[in-house]
Amino acid sequence: MAGQRVRTRFAPSPTGYLHVGGLRTALYNYLFAKKMNGDFIIRIEDTDQSRKVEGAQRNLITTLEWAGIIPDESPEHGGNCGPYVQSERLHIYAGYCQQLLEDRNAYYCFSTPEELEENRQLQLKQGLQPKYNRKWLPEEMGGSMPSSEVRKKMETGSPYVIRMKVPDYVSVWFEDIIRGPIEFDSSTIDDQVLMKSDGFPTYHFASVIDDHLMEFTHIIRGEEWLSSMPKHLLLYEFFGWEPPKFAHLPLLLNPDRSKLSKRQGDVAVEDYIRKGYSSDAIVNFVALLGWNEGEGSEKEVYSMQELIDRFSLERVGKAGAIFNVDKLNWLEKQYIKERPAEKLVQSIRPTLHTELEKRGTMMPLERITSDEYLTSVVELMRERVGFEHEFVTFSSYFFFEPESYEEEGLKKRWNADTNDLLREFLPYLESLEVFSSENIETCLKEFVAPKGLKAAAIIHPLRLLTSGFSFGPSLYHMLEVLGKETVIRRVLHGIEKITVPA
RNA sequence: GGCCCCAUCGACUAGCGGUUAGGUCACCACCCUUUCAAGGUGGCGGCACGGGUUCGAAUCCCGUUGGGGUCACCA
């Protein structure tokens with residue numbers, strides 16, 4: 001094991017969308033592998049045919065790649081340890097199962113689900129812990145079932161499962177990278193089903209076989225798997241394999257501290273993508289949910305590369321963490337503030353075009369879709385938006401005429417003279433040769449000074465008429481970007497429309 | 001209920017025997033300012049409890065409480 005190349009895996013079942021908890025598990029696996037110059041692999045655990053969802057595999061991988069988590073091996077990328085889909089490895093499991101049977105570490109069980117349930121109820125009624133009663137444990141393995149009975153059932157073609165024979169009263173011990181030593185008593189665990197009656201392996205069996213065959217050095221997975229460790233460890237022992245190192249991650253929690261689940265908010269990564277979160281922010285946020293670099297670091301914003309450089313499993317916490325959107329929102333803003341304008345421009349274009357198709361604009365199309373124009377908008381708005389799409393939706397006045405004027409603003413900023421004042425100011429604006437923020441500012445101040453008025457008397461109404469809102473970026477800069485024509489048109493139109501509040 | 005895991009501000013966390021218990025988000029106030037943001041300054045707010053060990057415990061040990069996970073022919 002020493003000196004071996006690190007290999008980690010993310011092994012989702014294709015039953016739906018990628019859960020944010022799954023994203024974090026995948027991320028930690030990825031970060032650890034990359035930090036150690038190793039490989040990160042995706043394996044699909046589709047041993048439950050009934051839960052399989054069409055397209056889920058594709059979706060899982062696409063979403064991970066969106067997040068920047070690119071596998072070195074996967075069903076879609078290939079690799080030397082394939083196939084990477086468990087339903088294509090059935091013959092492998094069958095072989096290993098046969099070995100277990102021969103070594104008397106596993107046995108056939110013909111109990112029906114109804115029988116099992118009945119037994120369970122009975123035990124419950126007697127105040128006992130529900131546990132398989134080992135009815136079909138053969139005589140030669142210490143049970144009470146004669147092998148003739150087993151053979152008889154076999155010959156009649158009765159459906160069966162194969163169970164592992166858990167040794168009585170042995171202590172199973174291992175050292176978790178995150179949690180330290182953990183010990184279990186085998187008497188508390190059941191004779192786990194290894195092979196289901198449909199011929200498919202259970203998770204426990206398939207994952208142990210594959211983890212070994214695919215040569216993973218570290219298994220990093222959610223805490224919900226901690227309690228099945230003894231079963232897995234016993235299997236490694238049966239086969240005489242050296243188990244990999246294990247790290248069980250703390251769970252992601254709902255605000256009420258239960259395991260993060262639907263019905264208490266969004267849990268699918270796609271939900272957050274749809275809302276407009278960037279992979280930068282999501283990855284950064286999720287990485288910090290359970291990990292920090294410690295040593296007095298006060299860094300909050302990490303790129304993927306920085307995470308790779310600094311990640312370590314030893315610094316993953318033990319306690320569950322609540323998925324709190326406030327911090328995510330803040331991170332998203334940090335990234336928007338830092339992101340190069342070209343990138344922002346590029347990413348808002350699609351939103352802009354769909355909006356333009358829907359609404360139509362009075363502004364020159366070539367101008368408002370130009371790099372130059374969009375860059376100005378982005379620079380003016382980047383500290384004021386929470387999501388990239390808000391460059392278009394939240395500040396739509398850069399592209400469309402205001403459809404209404406904020407009522408609160410009107411009430412506060414309008415008086416009987418306002419319309420006349422604006423009408424009088426218009427020619428001054430119109431006379432500006434160069435419609436720059438500096439010129440607009442001087443012009444406005446020179447207009448207002450002799451009247452003994454404050455600049456605010458005209459600043460606020462001007463903002464209201466040109467944007468429809470009482471808030472926004474620096475007025476002079478905003479007007480410059482909008483351009484003389486648009487500004488004059490909007491003011492004129494506004495004066496017509498607005499009647500002075502009584 | 002059995003087994004297992006966990007426990008520092010509302011949230012994410014630093015802390016690994018001696019700190020005025022630090023940072024970030026959120027919240028509040030002030031400053032900056034034409035508005036809104038951004039930014040700056042400050043504030044609010046925490047070691048679950050009880051026993052030990054120790055000259056000294058947030059830190060080590062035990063217990064209590066609380067929370068979570070898991071007990072499937074699901075993963």
Side-chain angles (χ1 to χ4, degrees), chain A residues 11-15 45-48 50-51 86 109 111-113 116-117 120 124 127-132 159-163 176 178-179 182-185 187-190 192-204 206-207 221-230 248 250-251 253 255-259 285 288-301 317-331 333 337 380-386 409 412-413 441 444 454-460 462-464 467 469-476 478:
Chain A
S13 63
T15 53
E45 311 227 322
D46 60 344
T47 52
D48 185 352
S50 64
R51 294 210 309 160
Q86 291 187 324
C109 167
S111 298
T112 64
L116 258 20
E117 180 56 23
R120 212 179 71 89
L124 241 31
L128 297 167
Q129 289 305 316
K131 205 176 166 186
Y132 175 59
Y160 62 84
V161 302
I162 294 167
R163 289 179 182 271
D176 191 277
I178 294 170
R179 290 155 208 283
I182 299 173
E183 194 175 3
F184 299 86
D185 187 332
S187 64
T188 64
I189 56 178
D190 227 341
Q192 177 64 40
V193 171
L194 265 19
M195 282 294 200
K196 303 184 268 187
S197 55
D198 62 0
F200 277 69
T202 57
Y203 164 85
H204 303 284
S207 77
R221 72 220 308 190
E223 192 187 340
E224 68 264 34
W225 295 110
L226 199 50
S227 47
S228 28
M229 272 306 285
H248 288 91
L251 261 19
L253 273 24
D256 72 354
R257 293 218 156 263
S258 58
K259 185 174 167 180
F285 176 62
L288 258 20
L289 247 31
W291 172 86
N292 72 85
E293 64 174 310
E295 288 174 32
S297 167
E298 287 172 9
K299 195 171 165 62
E300 299 284 343
V301 181
K318 301 185 225 280
I322 294 175
F323 190 93
N324 178 250
V325 189
D326 281 335
K327 184 91 169 252
L328 211 207
N329 289 339
W330 175 79
L331 271 172
K333 283 192 167 193
K337 272 179 11 188
L380 241 34
M381 293 303 293
R382 70 190 318 156
E383 283 176 355
R384 286 162 242 266
V385 298
K412 193 170 171 192
R413 305 294 187 186
E441 181 168 1
L444 190 144
K454 280 196 191 171
I458 201 149
I459 283 176
H460 296 293
L462 217 40
R463 176 189 297 286
L464 237 356
S467 75
F469 294 101
S470 66
F471 56 87
S474 152
L475 178 80
Y476 306 119
M478 180 177 96

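With C1' as the reference atom, rU59(B) and rC47(B) are 10 Å apart, rounded to whole Å. The same atom, P, is picked in rC12(B) and in rG52(B); the two are 32 Å apart, to the nearest Å. Comparing rG22(B) with rG42(B), their P atoms sit 13 Å apart, to the nearest whole Å. Nucleotides rG23(B) and rC30(B) are separated by 22 Å at their P atoms, to the nearest Å. Rounded to the nearest Å, the gap between the P atom of rG63(B) and that of rC6(B) is 14 Å. The same atom, C1', is picked in rG15(B) and in rC62(B); the two are 23 Å apart, to the nearest Å. Across the C1' atoms, rG43(B) and rC49(B) are found 30 Å apart, a figure rounded to whole Å. Across rU20(B) and rG66(B), the matching P atoms stand 35 Å from one another, rounded to whole Å.
Within 4.0 Å (heavy atoms only), A319(A) reaches sugar-phosphate atoms of the nucleic acid but no base atom. Within 4.0 Å of L226(A), counting heavy atoms only, lie sugar-phosphate atoms of the nucleic acid but no base atom. In this structure, P473(A) reaches the bases: a heavy-atom distance under 4.0 Å links it to at least one base atom across the strands shown. Using a 4.0 Å heavy-atom cutoff across all strands shown, I182(A) reaches sugar-phosphate atoms only and no base atom. Looking at heavy-atom distances under 4.0 Å, S474(A) makes contact with a base. Base contact: V161(A) has a heavy atom under 4.0 Å from a base atom. In this structure, S111(A) reaches the bases: a heavy-atom distance under 4.0 Å links it to at least one base atom across the strands shown. A455(A) comes within contact range of no nucleotide atom at all, as no heavy-atom separation falls under 4.0 Å.
The partner of rC30(B) is rG40(B), by the rule that a Watson-Crick or G-U pair needs both atom distances under 3.5 Å. Summarising the base pairing, rU70(B) is matched to rG2(B) through a Watson-Crick or G-U wobble pair whose two defining distances lie under 3.5 Å.
Whole-Å rounding puts the M229(A) CE to rC71(B) P distance at 16 Å. Rounded to whole Å, atom P of rU70(B) lies 6 Å from atom CD of E224(A). Atoms CG (L331(A)) and C1' (rC12(B)) sit 11 Å apart, rounded to a whole Å. The distance between atom CD1 of I458(A) and atom P of rU35(B), rounded to the nearest whole Å, is 17 Å. Rounded to a whole Å, the CH2 atom of W225(A) is 22 Å from the P atom of rC3(B). Following rounding to the nearest Å, N324(A) (CG) and rC12(B) (C1') show an atom-to-atom distance of 8 Å. We find that CD of Q192(A) is positioned 9 Å from P of rA72(B), with the value rounded to whole Å. Atom CD1 of I322(A) is separated from atom P of rU8(B) by 11 Å (rounded to the nearest Å).
Within the structure, a side-chain polar atom (N or O) of T47(A) is placed less than 4.0 Å from OP1 or OP2 of rA75(B). Here R463(A) does not reach the OP1 or OP2 of rU34(B): none of its side-chain N or O atoms lies under 4.0 Å away. Contact between the side-chain N/O atoms of K196(A) and the OP1/OP2 oxygens of rA72(B) is not found at any separation under 4.0 Å. Phosphate contact (OP1/OP2 of rC12(B), side-chain N/O of R257(A), threshold under 4.0 Å): present. Distances shorter than 4.0 Å separate none of the side-chain N or O atoms of K337(A) from OP1 or OP2 on rA37(B). Side-chain N/O atoms of K259(A) include none lying less than 4.0 angstrom from OP1 or OP2 on rG67(B).
Judged by distance alone with a 3.5 Å cut-off, no donor-acceptor contact links the side chain of R179(A) to the base of rC5(B). One can find a donor-acceptor pair under 3.5 Å joining the base of rC73(B) and the side-chain atoms of S197(A).
T202(A) places a side-chain N or O within donor-acceptor distance of the main-chain N or O of V193(A), the cut-off being under 3.5 Å. Put simply, the side chain of K259(A) never gets that close to the backbone of E224(A): no donor and acceptor are under 3.5 Å apart.
Counting non-hydrogen atoms of other residues, nucleotides and ligands closer than 6.0 Å to NZ of K454(A) gives a total of 12 or fewer. Atom CZ of F323(A) is surrounded by more than 12 heavy atoms from other residues, nucleotides or ligands within 6.0 Å.
One distance of note links OG1 of T112(A) with CD of E117(A); it measures 10.5 Å at 0.5 Å rounding.
Checking E383(A) against L251(A), the closest nucleotide of RNA chain B that is more toward the 5' end is the one next to E383(A). Judged by closest nucleotide on RNA chain B, G472(A) is the one of G472(A) and K333(A) placed further toward the 5' end.
Taking only side-chain atoms of E223(A), from C-beta outward, the nucleotide of rC73(B), rA75(B), rG68(B) with the closest atom is rG68(B). Of the candidate nucleotides rG39(B), rC25(B), rG68(B), rC25(B) has the atom nearest to the side chain of W330(A). Picking from rA75(B), rA72(B), rG2(B) the nucleotide with the shortest atom distance to the side chain of Q129(A) gives rG2(B).
Residues L128(A) and L124(A) are not in side-chain contact: their nearest non-hydrogen atoms beyond the backbone lie 4.5 Å or more apart.
Taking the ring centre of F469(A) as origin, the terminal cationic atom of R463(A) falls outside the region bounded by 6.0 Å and 45° from the ring axis.
Classification of R179(A) and E223(A) as a salt-bridged pair holds, one side-chain N sitting under 4.0 Å from a carboxylate O.
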